[in-house]
Every structure is written in C-alpha cells, then in structure tokens.
Amino acid sequence: MEFKDHIVVVTGGTRGIGRAISFLFASQGARVFAAYLSNDLAAAALVKEAQGLTGTISVIKADVGTAAGAQALIDAASRESGHIDVLVNNAGIIRDGWLAMMAEEDWEAVIRTNLSPLFHCCKWGVRKMMARRSGSIVTVSSISALTGTAGQTNYAASKGAAISFTKSLAREVGGMGIRVNAIVAGLIATDMTAGLKQDVVERIVKGSALGRIGTPEEVAEAVVFLASRRASYITGQSLVVDGGTV
C-alpha cells in the first residue's frame, strides 16, 4: 500500500488507459482525482465501480487544455492537503489523415489537445510538489513518436514533443526531488484504437514480439511503477510498453 492516502491526479482519467490508471492507484490506497472533459456517463460509472476500493476516486470535469481548467483541477486535488504526490498526463485525441489532405483544424486540435495540458497541468502540479521537495510526473506518450505512423503526422508530432518535454522538465525539477518520466504505449485496446482498420491492427500485431494487443491495465502497471519508490532513481526516461513492436 505504498500509495495509501497519496494524492494522485490523472488527466483523461475516466476512460481507456486513464481509467485503468485511476483504478489501479485507488486500489493501492491513493486518493485519485480523475479529470475528464465531457463524458459524464463514463465518469459516473468509474466512481460507482471504485466503491469498496482501499482508496478513492473523485471525478472532476475540467478542460485541462486551458490554464483555468488545469489550475482548477490541481487546486481541487490539493485543497485539503496543500500538495499532490503524483500527476499523470494522459489526456489526448487522434484525428488521423494523410498530411496532404489534413484539415488545419485537425492538425491544430491534436497539437493543442495533446500538448497544452502538459504545460498547464505540469506548471500548476510542480508548484504543489516543490514545497515538499517530492513528487512524480508520468506522461503517456505513444510508439508513434518513435516509429512514425503514416496518417498520424499530427499525433506523432505531439507525442514526440511530449517525450522531449519530459526530458527537459526532468532536468528543471530534479534538484527539487521531483521525477518526470514517460510511458511510450504501443497498440492498446481502447475506444481510441477501436476505430483502426482491421488490416492495420493485424499488421501491427504480426510485427510485434508478443503477437497481441496490449491492455490498459498493462500500461497502468507501468505508470504506477514509475511513480513508485521502486523507480526512485529513474527520471527523464521513456519506458516503452508495446509488446516488442519496436
């Protein structure tokens, strides 16, 4: 129960990978604050399912792509204790398309949605960690950042930037006892990947060492590891969780 009573903030925390992360932290005693943008049904379902866990899950509706939304989330999570222990940046979208035909709004939406929350949430999150000189930040990136994926120039660019952001922030805050790492996730069974064409899925699976799609729970285990004392000498790193795709 390493995370008993720890304050954990998870953006995009009510569905898919974020939901699994929220649930795993709460099962280990954490007080989880899961942020979401619009799906009230998914948020309510998560809270109901979390009843009986050792920890708790509170859901907060907030647009963390804005300064006001991110600050409101961090303030709500730290209201009682004055600090947060873990920040997981998981919010993100995909809007795939060939670059030559990509709409400007699809480029801008992916870059804004996948990167702005990193800036805003880490800015306010770090401030809540500095006074205690401890804390862990974990950002969920994608294998597309490393390999490139046709039709995902916008998504791959945003996830590659998230890795660079992680390395730079780790150097800024390491002296204050704050660790910053990233998870580089492969093909994971979520609503986001459910719309992929079957031939694309089969090609990725066939090219992987394990020959299967990953689960949100497997990514969550890696996130919790990086946030734990077991990873106390790990910062500025990107842990690939892709079943041997790269």
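These values consider heavy atoms only, across backbone and side chains, with no hydrogens, waters or symmetry-generated copies.
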*OG of Ser164 to CG of Leu169: how many Å apart, nearest 0.5 Å?*
12.5 Å

_Ignoring hydrogens, what is the shortest heavy-atom contact between Ala227 and Ser136? Give both atom names and the distance._
CA-OG, 3.4 Å

_ILVMFWY cluster membership beyond Met101 - transitive side-chain contacts under 4.5 angstrom_ = Trp98

_Verify same cluster id: Leu118, Val88 (apolar side-chain graph, 4.5 Å)_ = no

*Flag the pair Asp242 / Val184 as yes when at least one side-chain heavy-atom distance between them is below 4.5 Å, and no otherwise.*
no

*Main-chain N/O of Val140 paired to Asn90 side chain as donor or acceptor, under 3.5 Å*: no

*So do the side chains of Gln152 and Ser144 get within less than 4.5 Å of each other, counting heavy atoms only?*
yes

*Please check if the side chain of Thr166 supplies one atom and the backbone of Gly236 the other of a donor-acceptor pair under 3.5 Å.*
no

*Less than 4.5 Å apart, any side-chain heavy atom of Lys128 and any of Asp75?*
yes

_Nearest-0.5 Å distance, CG of residue Asp96 to CG of residue Asp106_ = 9.5 Å

*ILVMFWY cluster membership beyond Phe119 - transitive side-chain contacts under 4.5 angstrom*: none

_Nearest non-hydrogen partners of Ala185 and Val219, listed with the distance_ = CB-CG2, 4.4 Å

*Applying the 4.5 Å side-chain criterion to the ILVMFWY set and letting contacts propagate, would Val10 and Leu226 be lumped into a single cluster?*
yes

*Quick one: pull up CZ in Arg19 and CD1 in Ile57 and give me the separation to the nearest 0.5 Å.*
8.0 Å

*Option among Ile137, Asn89, Ile84 that satisfies the side-chain contact (heavy atoms from CB on, under 4.5 Å) test with Val9*: Ile84

*Looking only at non-hydrogen atoms, find the nearest pair between Gly16 and Thr190 and report the distance.*
CA-CG2, 4.2 Å

*Please collect all side chain to side chain donor-acceptor pair (under 3.5 Å) contacts where either partner lies in residues 230-241, sequence neighbours excluded, each pair once.*
Ser228-Arg230

_Backbone of Val8 reached by a side-chain donor or acceptor of Asp85 within 3.5 Å_ = no

*Hey, what do you get for OG1 (Thr54) to NZ (Lys4), rounding to the nearest 0.5 Å?*
7.5 Å

*Heavy-atom donor-acceptor pair, Lys167 side chain to Val180 backbone, under 3.5 Å*: no

*For Met176, all residues meeting side-chain contact (heavy atoms from CB on, under 4.5 Å), sequence neighbours excluded*: Met130, Arg133, Val173, Ile178

_Sequence neighbours excluded, every pair satisfying salt bridge (charged side-chain N to carboxylate O under 4.0 Å, His left out) that has a member inside residues 175-188_ = none

*Tell me, do Thr245 and Thr147 make a side-chain contact under 4.5 Å, heavy atoms counted?*
no

*When you measure from the side chain of Glu2 to the backbone N and O of Arg229, does any donor-acceptor pair fall under 3.5 Å?*
yes

*asked:* Under the side chain to side chain donor-acceptor pair (under 3.5 Å) definition, can you give me all pairs with a residue in residues 113-127, not counting sequence neighbours?
replied: Asn114-Ser158

_Heavy-atom closest pair, residues Ala43 and Val59_ = O-CG1, 3.8 Å

*Would you mind listing every salt bridge (charged side-chain N to carboxylate O under 4.0 Å, His left out) that reaches into residues 217-227, with sequence neighbours excluded?*
Arg212-Glu218

*With Phe3 via ring-ring contact (aromatic ring centres under 6.0 Å, His included) - residues at least two apart*: His6, Phe25

*Is there side-chain contact between Thr11 and Leu73, with heavy atoms separated by less than 4.5 Å?*
yes

*Ignoring hydrogens and geometry, is there a side-chain-to-backbone donor-acceptor pair from Asn181 to Ile234 under 3.5 Å?*
yes

*Same apolar cluster (I L V M F W Y, side chains within < 4.5 Å links), Phe165/Val64*: yes

_Can you pull out every side chain to side chain donor-acceptor pair (under 3.5 Å) where at least one residue sits in residues 24-42? Sequence neighbours excluded, please._
Arg31-Glu80, Tyr36-Asp40, Asp40-Lys61

*Under the side-chain contact (heavy atoms from CB on, under 4.5 Å) test, which residues partner Asp63, sequence neighbours left out?*
Leu37, Thr66

_side-chain contact (heavy atoms from CB on, under 4.5 Å) partners of Ser168, counting only residues at least two apart_ = none

_With Arg171 via side-chain contact (heavy atoms from CB on, under 4.5 Å) - residues at least two apart_ = none

*Is any side-chain heavy atom of Ile188 less than 4.5 Å from a side-chain heavy atom of Pro216?*
yes

*Any chain of hydrophobic side-chain contacts (each under 4.5 Å) joining Val224 to Leu239?*
yes

*If Ile, Leu, Val, Met, Phe, Trp and Tyr residues are connected whenever their side-chain heavy atoms lie under 4.5 Å apart, and connections chain through other members, are Ile7 and Leu87 in the same group?*
yes

*Kindly give the heavy-atom pair with the smallest separation between Ala76 and Phe33, and that separation in Å.*
O-CE2, 4.0 Å

_Gap between atom CD1 of Ile183 and atom CD1 of Ile17 - 0.5 Å precision_ = 9.5 Å

*What is the minimum heavy-atom distance between Ala145 and Gly160, and which atoms define it?*
CB-N, 3.4 Å

_CD1 on Ile93 to CD1 on Ile111, rounded to 0.5 Å_ = 9.5 Å

